[in-house]
Amino acid sequence: MIVQVYTVQSQQEGIALAECGVDHIGITPAKHGLPGEISNMSAAEIFKAIGDKAVKVALSVDSDLDVIVEMVKTVQPDILYLCGDLKLVTPQKVVELRGLLPGMKIMQAIPVMDMSALQVAKDYESVSDYFILDSYSEAIGGIGAAGFTHDWSVSRTIVEQSRIPVILAGGLSPENVEDAIRQVRPWGVDSLTKTNEVLGEGKFRKDLEKVRAFVERAKGVRV
């Protein structure tokens, strides 16, 4: 079971997550007021510090392909995680982006609100290397970071029909990750909000005890 954890905001935090056994470490390089966002240069420094201790994933909600390319070239992730507006970053746009970033692995976010998510996944499957199935809130820019679970039966169906690896996200915590894995049977699981230590004023840092528990429980499930 692959464990992905978002969002890292310092070099020390990134290294600590790798030491906790996190497989994919996520960063949010942006200028949109997203939870835990940092500058491109800070993200690049964190990824350099992590090195090969974990797979490095950079999130983008942008629809301007030039902005995305600039971020990727500065930050140097192993995987580009697209979770912007699907009406603007269409499968055709992802094909164009692949031409601008040859060799870059792409993780596409699929908002799971109802059964329409199945068709969205089919539309993006041929242009993506991974899916991440997430909850959606209009209060948050982009797909994800909503802090609540969605209908796992829809996600299970996407996992069953998908020909690419699928990560389950959306309100996952040490308390519910085992149940989520048993119900959905994804390739990986992702946590943001439920492994945070809230600092107030919209700020947070990763709670390493919660991260350790999340990793241990996720990797301990037998399905």
Side-chain angles (χ1 to χ4, degrees), residues 1-8 17 20-28 30 34-37 54-61 77-86 89 105-114 116-118 120-121 124-125 128-162 164-196 204 206-207 210-211 213-215 217-219 221 223:
M1 180 59 55
I2 296 298
V3 174
Q4 176 170 289
V5 172
Y6 262 85
T7 180
V8 174
L17 290 193
C20 287
V22 176
D23 303 290
H24 287 193
I25 293 178
I27 291 182
T28 304
L34 300 175
E37 72 177 18
V55 174
K56 302 175 288 291
V57 187
L59 177 153
S60 177
V61 300
D78 299 310
I79 298 173
L80 169 61
Y81 169 12
L82 299 176
C83 60
D85 189 335
L86 299 181
V89 187
K105 298 289 187 181
I106 291 180
M107 179 183 295
Q108 177 64 53
I110 305 296
V112 182
M113 294 181 284
D114 52 39
S116 66
L118 275 68
V120 176
Y124 281 87
E125 186 174 64
S128 306
D129 298 288
Y130 310 89
F131 283 146
I132 181 163
L133 310 181
D134 216 335
S135 305
Y136 175 76
S137 170
E138 293 184 354
I140 303 291
I143 302 162
F148 54 80
T149 58
H150 54 259
D151 186 344
W152 288 341
S153 67
V154 177
S155 289
R156 173 64 180 266
T157 303
I158 293 174
V159 168
E160 291 173 341
Q161 75 177 22
S162 179
I164 62 176
V166 178
I167 293 177
L168 178 67
L172 298 186
S173 68
E175 291 72 33
N176 66 11
V177 67
E178 293 166 299
D179 191 30
I181 291 170
R182 292 190 183 101
Q183 289 195 42
V184 179
R185 301 195 175 189
W187 175 75
V189 287
D190 170 279
S191 177
L192 167 58
T193 59
K194 302 303 182 182
T195 49
N196 285 345
F204 63 86
K206 299 314 295 182
D207 184 320
K210 290 180 181 178
V211 171
F214 187 83
V215 171
R217 293 173 188 177
K219 291 181 177 290
V221 177
V223 294

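Below, each value reflects all heavy atoms present in this structure, side chains not excepted, and no hydrogens, waters or symmetry copies. Small disclaimer: the values here were computed from a predicted structure and weren't measured.
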Show the nearest heavy-atom pair for residues [X] and [Y], with the distance to one decimal.
| X | Y | value |
| --- | --- | --- |
| Leu86 | Pro111 | CD1-CD, 3.7 Å |
| Ala218 | Val3 | CB-CG2, 3.8 Å |
| Lys105 | Asp78 | CB-O, 3.7 Å |
| Met1 | Gly188 | SD-CA, 3.5 Å |
| Thr7 | Gly36 | CG2-CA, 3.8 Å |
| Val159 | Pro186 | CG2-CA, 4.2 Å |

Nearest 0.5 Å please: distance from the [atom1] atom of [X] over to the [atom2] atom of [Y].
| X | Y | atom1 | atom2 | result |
| --- | --- | --- | --- | --- |
| Asp207 | Ser191 | CG | OG | 10.0 Å |
| Ile132 | Ser155 | CD1 | OG | 10.5 Å |
| Gln4 | Leu192 | CD | CG | 10.5 Å |
| Thr157 | Leu118 | OG1 | CG | 5.5 Å |
| Arg182 | Trp152 | CZ | CH2 | 11.0 Å |

Would you check, one step at a time, whether the test side chain to side chain contact (heavy atoms under 4.5 Å, CB included) holds for Ile164 with Gln108? CA-CA 11 Å; Ile164 62 176; Gln108 177 64 53; over 6 Å; no
State whether the side chain of [X] and the backbone N or O of [Y] hold a donor-acceptor pair below 3.5 Å, judged by distance alone.
| X | Y | result |
| --- | --- | --- |
| Lys206 | Tyr6 | yes |
| Asp129 | Ile106 | yes |
| Arg156 | Gln183 | yes |
| Ser128 | Phe131 | no |
| Asp23 | Ile2 | no |
| Asp179 | Asn176 | no |

Going through the distances and angles, do Leu59 and Ile27 end up as a side chain to side chain contact (heavy atoms under 4.5 Å, CB included)? CA-CA 6 Å; Leu59 177 153; Ile27 291 182; over 6 Å; no
Minimum side-chain heavy-atom gap [X]-[Y] below 4.5 Å:
| X | Y | result |
| --- | --- | --- |
| Val55 | Ile79 | yes |
| Leu133 | Ile167 | no |
| Lys194 | Leu172 | no |
| Val57 | Ile25 | no |
| Leu17 | Val211 | yes |
| Val184 | Ile158 | no |
| Leu80 | Met107 | no |
| Glu175 | Arg217 | yes |

May I ask you to check whether over 12 heavy atoms, not counting those of Lys219, lie within 6.0 Å of atom NZ?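 Yes, NZ of Lys219 has more than 12 neighbouring heavy atoms, counting only those of other groups under 6.0 Å.
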Are the ring centres of Tyr81 and Tyr130 closer than 6.0 Å?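 They do not qualify: ring centres at least 6.0 Å apart.
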